[in-house]
Amino acid sequence: MRFKTQCIHAGQEPDPLHGAVMTPVYQTSTFAFKSADEPREFDYSRSGNPTRKALEECLAALEHGVRGFAFASGMAAESTLMMLYSSGDHVIMSDQVYGGTYRLMMNVIRSKGIDVDLVDLNDLDAIRGAIRPNTKLIWIETPTNPLMKVVDLAALAALARERGIQTICDNTFLSPYFQNPLDFGMDIVVHSTTKYLNGHSDVVGGAAVVSDPELGERVYYLQNAVGAVPGPWDCFLVLRGIKTLALRMEEHQKNGLAVARWLEDHPQVERVLHPGLESHPQHALAQRQSRGNSSTFSFYLHGGVKAAHALLNGLRLFSQAVSLGGVESLIEYPWTMTHAALPEGARREMGIAENLVRISVGLEDVADLVEDLEQALAGCTA
Ligand SMILES: *Cc1c(COP(=O)(O)O)cnc(C)c1O
């Protein structure tokens, strides 16, 4: 099956009982045994549920993995995966990650005796220098949030495999439509399905897909042991969202690039960070590694807090909100919104400054979006 067909059919057969074409929402906590010594496929919905199973098989197919797992949120997926590691282990993490990932790793995981080092993953020598005998994991995100740095997945996988280090890649920003990290040798791909996969801003969810059956067994054990699973209704909504993933991503890409190019030419804009623009430092790598770009990117304004606030408050169509990847356009201010969990010094060092704005371009008519940005930018003279 090809991608668009998988979006609609992978893991999803007409219901055996009544032939329902849409996967039913099995809103049940438990399943009756046939008899005392005859369990059925499912016994309890934390351990497994038919609606969740359909979503998990669909996700595994889209990410070219052997087994998929759905979670209650992206952070639930990440927390569960971190249970693969133990006190005394060492983790190398991208120096640019989602704010919640930073908080989990630096404030929670480190307090359990797992060491976490932040490294620029574009610098292979820096990674080699950071590797210790107890290094068990390299945590990757590409493109990064919110600065859209792209890292070389094949080079990282080769370096990690040589030393027996596992790799986990957060693929939330591109979705499997544009990038499949497992194809480059990553061990696990993780998603916030809240974003492009569900795509309609009405579910919080997460997922992990693994490349190896033995690793799949370990993650399944943890999924059941930890219990951070999604309910069947949320699984149904994500499955429904995925049916139009290919169509949505094509339109997101078009609208996003059009808005990025328009912003790049605007006198009030200092710089646009979008891997699809020729001006992006890793544009060539992005072209090679991904099949396209999503519609989430960032830009620096001329001016500081005042200019950023004037832009955000002046917009009528874009909602000021965290999150991304939905059909509606959103704009947010990483300095005080998504990345407030990072200490001020760390934010500045990364390049998350007071004049940085991140947008998620939706599926509205792009002419309306540009008009809205135009009128709002007119009101924010530095
Ligand atoms: C949103 C997001 C997460 C966390 O997912 P939740 O569903 O909000 O828990 C992780 N990584 C990235 C890149 C994200 O955008």
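Values below: all heavy atoms of this structure, side chains included; hydrogens, waters and symmetry mates excluded. Counting starts at 1 for both ligands and their atoms, following the listed order.
Distances shorter than 4.0 angstrom occur between a heavy atom of G205 and an atom of ligand 1. The shell of residues lying under 4.0 angstrom from ligand 1, judged by heavy atoms, includes E78.
Here atom 11 (N) of ligand 1 lies nearest to D170 when heavy atoms of D170, T101, T172, N145 are compared.
Between P143 and M148, the closest heavy-atom pair is CB-CE, 3.8 Å.
The protein heavy atom nearest to atom 4 (C) of ligand 1 is Y98 CE2, 3.4 Å. For atom 2 (C) of ligand 1, the closest non-hydrogen atom on the protein side is K195 NZ, 2.5 Å. What sits closest to atom 6 (P) of ligand 1 on the protein, heavy atoms only, is G74 N, 3.3 Å.
Salt-bridge check for E56 with R67: failed, with every basic side-chain N at 4.0 Å or more from each acidic carboxylate O. One finds a salt bridge joining K254 and E251 here, because a Lys/Arg side-chain nitrogen approaches an Asp/Glu carboxylate oxygen to under 4.0 Å. Of the charged side-chain nitrogens involved, none lies within less than 4.0 Å of a carboxylate oxygen, so that E264 and R271 do not count as a salt-bridged pair. A salt bridge links E278 to R261: one of the charged nitrogens lies within less than 4.0 Å of a carboxylate oxygen.
Looking at H339, its side chain does come within 3.5 Å of a backbone N or O of N145 through a donor-acceptor pair. Remark: the backbone N or O of L182 is not paired with any side-chain donor or acceptor of N180 at under 3.5 angstrom.
Between T194 and ligand 1, a contact under 3.5 Å exists for at least one N or O pair. In terms of polar-atom proximity, defined here as any N/O pair under 3.5 Å, F173 makes no such contact with ligand 1.
The ligand atoms of ligand 1 that sit less than 4.0 angstrom from a heavy atom of M75 are 4 (C), 5 (O), 6 (P), 9 (O).
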